[in-house]
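Please read the structure below before turning to the comments.
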Amino acid sequence: MPPKPFVAPIVDSKSVFLPNIFKGKVLFCTGGGSGICKAMTESVMRHGANAVIVGRKLDRLTESAKELSEATGQTCIPAQADVRQPQQIKDAVAKTIATFGRIDFVICGAAGNFLASIDGMSENAFKTVMEIDTLGTFNTVKATLHHVRATQGAYIHVSATLHYKGTPYQVHVSAAKAGVDALSAVLAVEEGPRGVRSNVIAPGPIGETEGISRLKNHAEESKRGYPLGRIGNLKDVANATVFLFSDAASYVSGQVLAVEGGCEHMRSFQLPYPQAVLDPESVKHMIKPRL
Ligand code: COA
């Protein structure tokens, strides 16, 4: 019998990091009303921070803020703003300062996505995603920087792995996230001397997100070989968030941390995977012997 493939455990950050490492800290998170950014916010709050979640839909934000407060015992408030509108983000920052008096951590996570080819999308469609993802990140950095300098805090920008290769139907997101990665590197270099760090988290395929439900066929996904035996979980991204905001990452800045379980290194392979690794004998007959 070939050995069973390994399946990476799904770990709660509280089993690794102390529960109070972010006590007294304040997180400002765009896109925090749902999905990956909501899970990131929850993880930071579970370690003692209060948070402000920012987005366009006030109903969803209000509901999520309530859920996050109840789940963590910390305080989360909603701030309605479109990251494309600099004044709206400035107002959300003002609300944060009026409520909590400081900003230690910023997650730039607001993003837009849909599936469309270059030929099949309008100029305005491309511009819209560039404006939400790239300009929105710049607007958020501009509005928060003064406060993050004051606390010698840190930024995490939520990017993607799509743009490491040519991903069809994702030209808008690929271009926008490449810009986000570049922006973070400059921020790290310019603000490092003031004690501010900036890093990127690039989630790979993460289950139970809007993106994966639209971008992936679940049936096909389950058949594909993952180096660590499973698709990503929201907790995987949340744990990386806790690490990067923690003092354990005090010398980590300007980096892109891809949370993708090794998937990016997989090429299409003629032998069955992971069978060829776990049970080499079983695939020997598929390899021509040397003459
Ligand atoms: N295919 C092609 N073009 C699309 C599209 C799709 N599926 N969805 C939107 N567009 C185009 C629109 O047609 C419009 O272009 P046009 O003016 O030339 O017709 C342009 O994108 C802007 O769309 P609109 O819906 O007016 O902008 P918006 O600012 O209200 O919302 C999004 C933009 C990206 C947020 C919106 O498309 C959306 O809700 N997407 C799904 C949710 C989402 O992205 N969540 C984040 C997951 S990471």
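We're numbering straight along the sequence, starting at 1. Counting starts at 1 for both ligands and their atoms, in listed order.
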I need the contact type for [X] against ligand 1. Using non-hydrogen atoms and a strict under-4.0 Å cut-off, is it side chain, backbone, both or neither?
X      : value
Arg84  : side chain
Lys127 : neither
Ser122 : side chain

Decide yes or no on side chain to side chain donor-acceptor pair (under 3.5 Å) for Asn113 and Gln170, but give the supporting numbers first. CA-CA 8 Å; Asn113 196 356; Gln170 291 285 277; 3.0 Å; yes

Heavy atoms, side chains only, cut-off 4.5 Å: are Arg84 and Ile132 in contact? yes

Lys38 vs Glu42, salt bridge (charged side-chain N to carboxylate O under 4.0 Å, His left out): CA-CA, chis, key distance, verdict: CA-CA 6 Å; Lys38 185 179 173 190; Glu42 181 171 343; over 6 Å; no

Enumerate the atoms of ligand 1 whose separation from the nearest heavy atom of Gly112 is less than 4.0 angstrom. 34 (C), 44 (O)

For ligand 1, which atoms have a heavy atom of Ala125 less than 4.0 angstrom away? 3 (N), 11 (C), 15 (O), 20 (C), 21 (O)

From the list Thr140, Thr144, Asn199, side chain to side chain donor-acceptor pair (under 3.5 Å) partner of Tyr155 resolves to Thr144

Among Ala116, Ala111, Gly31, which one has a heavy atom closest to atom 46 (C) of ligand 1? Ala111

Glu63 bridged to Arg60 by N-O distance under 4.0 Å: no

For Val259, all residues meeting side chain to side chain contact (heavy atoms under 4.5 Å, CB included), sequence neighbours excluded: Ile201, Asp236, Val237, Ala240, Leu257

Checking the N or O distance criterion of under 3.5 Å, is ligand 1 in contact with Thr128? no

Test item, Glu131 contacting ligand 1 (heavy atom, 4.0 angstrom): no

